[in-house]
Amino acid sequence: MPKLTLQDLQRLPKTDLHVHLDGSLRIPTILELAEQQKVKLPADSMEGLRPFVEVGEDCKSLVEYLRAFDVTLSVMQTYESLVRTAFELAEDAAKENVRYMEVRYSPILHQQKGLTLHAIVQAVLEGLAQAERKYNIKTGVILCGMRHISPDISLRLADLTVAFKNKGVVGFDLAGAEENFPAKRHKDAFGRVLQNNINCTLHAGEAYGPESIHQAIHLCGAHRIGHGVRLIEDGDLLNYVNDHRIPLECCPSSNVQTKAVKKMADHPIRLFYDLGLRVTVNTDNRMVTATTVSHEFQVIHEELNFNLEEIKELIIMGFKSAFLPYALKRALLAEVVHELKAFKPGSLESKREQL
Ligand SMILES: O=c1[nH]cnc2c1ncn2[C@H]1C[C@H](O)[C@@H](CO)O1
Ligand SMILES: [Zn+2]
């Protein structure tokens, strides 16, 4: 089986179902926004700022990983900055042929300069809509409650999700430090979202054990699980997740950085896939993790031996797991399956030479 190149993986149509807006900026944009807004950054050059916003392999935990967001959030407090960063994220994704992306963030973290929660959602939807008009990409938004912030705030964010249902917001999530901040505290917010027939996903089993995944599914009604790495520790729950086709949003490189796994070779995505679970491949944070969807596929191709046929299947599972209405999902899936069938590896240059 010949090795797939990064260009091959970039050409494949893909999804990104787990990507944080506030972890996926371009470094030059942070510098420009800081200058415009007179915000003080820890450094004022690309190379100076990089270690503060890209965590690298030396990162020791999720809590350390999350420090990068103090920097990004400092320049994401205006309407214009949210439009711009949302547009640029979708542009970057479209350029590697991501055809469907669900962008997540927590509006409560963008109120330092007094923006209303509605304006914060509107701004991101505006940026994404601009990109949809320019590129071949569809997007949706997932709003995040934060584990360490009060359940009352999660409830307000759940109400915000309901207010924007069918207007671009497609789901609700719970993010942030996992250890010591159980999901069950936020179950009323998930109840609110579920009662309104809205999809939800929770970060779980990333920095805490399978009990956290159990709570996410059975107390909060998760339709998908963010990461879910530690599902490997509970075979019974794993069977349940498999039987109910609950998708896992795997983010391999991020998991190595937060030490959810020790090294890539240990990542359970290979085992999950072999056992038939519905697994999807995602970036988590394009800037903080310094990755792209194509790069994540390259890593699992090279280090976990996923071949082209398996990668195609992972891609299809990504589209199947989208929080899209069924009719739209079927149409998108049909288009993608057709492209995947016709796909042949090999660079465009070598193809042109053959002609
Ligand atoms: O991988 C993650 N796990 C838990 N929380 C995360 C992760 N990546 C980003 N976040 C947090 C930091 C952001 O400020 C917040 C909303 O996007 O979500
Ligand atoms: Zn995440």
Side-chain angles (χ1 to χ4, degrees), residues 15-25 30 52-55 59-77 81-82 85-86 89 101-112 117 120-121 123-124 128 140-149 153-154 157 160-161 169 171-183 186 189 200-208 212-213 216 220 222 224-230 247-261 267 280-291 293 296:
T15 58
D16 194 352
L17 303 179
H18 188 134
V19 54
H20 295 257
L21 175 67
D22 49 335
S24 304
L25 292 75
I30 302 183
F52 293 93
V53 294
E54 273 181 19
V55 298
C59 179
K60 292 193 176 50
S61 66
L62 175 59
V63 170
E64 187 181 323
Y65 182 94
L66 293 174
R67 283 188 207 132
F69 294 83
D70 292 340
V71 177
T72 62
L73 287 166
S74 73
V75 298
M76 299 177 78
Q77 303 297 328
S81 66
L82 289 166
T85 52
L89 165 54
M101 174 172 68
E102 289 172 2
V103 179
R104 63 185 74 195
Y105 70 110
S106 185
I108 202 74
L109 304 177
H110 299 266
Q111 288 200 300
Q112 291 169 19
L117 292 176
I120 292 164
V121 178
V124 171
L128 295 175
V141 166
I142 296 175
L143 300 183
C144 309
M146 298 300 298
R147 284 178 180 267
H148 68 286
I149 299 180
I153 298 286
S154 294
L157 292 167
L160 191 66
T161 305
V169 174
F172 187 64
D173 173 37
L174 190 64
E178 191 174 0
E179 193 167 12
N180 300 319
F181 300 103
H186 304 268
C200 60
T201 175
L202 283 86
H203 283 73
E206 177 190 23
Y208 201 73
S212 180
I213 302 171
C220 301
R224 298 195 316 231
I225 292 291
H227 303 292
V229 174
R230 295 186 59 182
L248 300 180
E249 304 157 0
C250 295
C251 310
S253 298
S254 163
N255 295 152
V256 174
Q257 293 169 341
T258 63
K259 303 296 171 284
V261 296
H267 201 289
T280 67
V281 175
N282 310 276
T283 55
D284 205 13
N285 294 285
R286 294 175 72 99
M287 179 189 65
V288 177
T289 288
T291 194
V293 184
E296 292 303 303

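If you're wondering where the values come from, they're calculated on a predicted model, not measured in any experiment. Hydrogens, waters and symmetry mates are skipped; everything else that's a heavy atom, side chains included, is used. The residues of the chain are indexed from 1 along the displayed sequence. Note that ligands are numbered from 1 as they come in the structure, with each ligand's atoms numbered from 1 the same way.
- The distance criterion of under 3.5 Å between nitrogen or oxygen atoms is met by His227 with respect to ligand 1.
- Counting only distance, with no hydrogens or angles, the side chain of Gln77 and the backbone of Leu73 share a donor-acceptor pair below 3.5 Å.
- The two residues Met287 and Thr72 come nearest to each other via the heavy atoms CE-CG2, 3.5 Å.
- Partner of Thr283 under the side chain to side chain contact (heavy atoms under 4.5 Å, CB included) criterion, chosen from Asp16, Val288, Leu17: Asp16.
- Listed by number with element, the atoms of ligand 1 under 4.0 angstrom from any heavy atom of Asp284 are 1 (O), 2 (C), 8 (N).
- Exactly one of Asp173, Thr289, Asp284, Asn285 qualifies for a side-chain hydrogen bond (donor to acceptor under 3.5 Å, both in side chains) with His20. That residue is Asp284.
- To the nearest 10 degrees, the Zn ion (ligand 2) sees NE2 of His203 and NE2 of His20 at an angle of 100°.
- When all heavy atoms of Gly171 and Thr161 are compared, the pair lying nearest together is O-CG2, 3.7 Å.
- Neither the backbone nor the side chain of Leu21 has a heavy atom within less than 4.0 Å of ligand 1.
- Taking every heavy atom of Asn285 and a limit of under 4.0 angstrom, the matching atoms of ligand 1 come to 8 (N), 9 (C).
- For atom 13 (C) of ligand 1, the closest non-hydrogen atom on the protein side is Asp22 OD2, 3.0 Å.
- Judged purely by atom type and a 3.5 angstrom limit, His110 uses its side chain to pair as donor or acceptor with the backbone of Met76.
- The backbone N or O of Ala222 sits nowhere less than 3.5 Å from a side-chain atom of Thr201 that would complete a donor-acceptor pair.
- Checked by atom type and distance alone, the side chain of Ser106 pairs as donor or acceptor with a backbone atom of Cys144 at under 3.5 Å.
- By the criterion of a heavy-atom distance under 4.0 Å, the side chain of Leu62, and not its backbone, is placed next to ligand 1.
- The single protein non-hydrogen atom nearest to atom 6 (C) of ligand 1 is Leu66 CD2, 3.5 Å, given as residue, atom name and distance.
- Taking a 4.0 Å cut-off on heavy atoms, Gly23 fails to register as neighbouring ligand 1.
- Distance check for Cys251 against the Zn ion (ligand 2): none of its N/O/S atoms falls below 2.8 Å.
- Between the side chain of Glu296 and the main chain of Ser253, a donor-acceptor pair closer than 3.5 Å is present.
- A donor-acceptor pair is defined here as one N or O able to donate and one able to accept, closer than 3.5 Å; no such pair exists between the side chain of Lys259 and the backbone of Leu62.
- Of all protein heavy atoms, the one lying nearest to atom 3 (N) of ligand 1 is Glu206 OE1, 2.8 Å.
- Considering backbone and side-chain atoms alike, His20 places an N or O below 3.5 Å from some N or O of ligand 1.
- Residue-ligand proximity, Leu109 to ligand 1, at heavy-atom distances under 4.0 Å covers atoms 14 (O).
- In this structure, atom 5 (N) of ligand 1 lies nearest to the protein heavy atom Gly176 N, 2.9 Å.
- Of all heavy-atom pairs spanning Glu178 and Gly205, the tightest one is OE2-N, 2.7 Å.
- The distance from the Zn ion (ligand 2) to the nearest N/O/S atom of His227 is not under 2.8 Å.
- With a 4.0 Å heavy-atom cut-off, ligand 1 is reached by no atom of Thr258.
- With a cut-off of 2.8 Å, the Zn ion (ligand 2) has an N, O or S atom of Asp284 in range.
- Ligand 1 lies out of reach of Arg147, whose nearest heavy atom is not under 4.0 Å from it.
- Atoms CG and CE, from Leu66 and Met146 in turn, are 7.0 Å apart once rounded to the nearest 0.5 Å.
- Heavy atoms of Met146 approach ligand 1 to within less than 4.0 angstrom.
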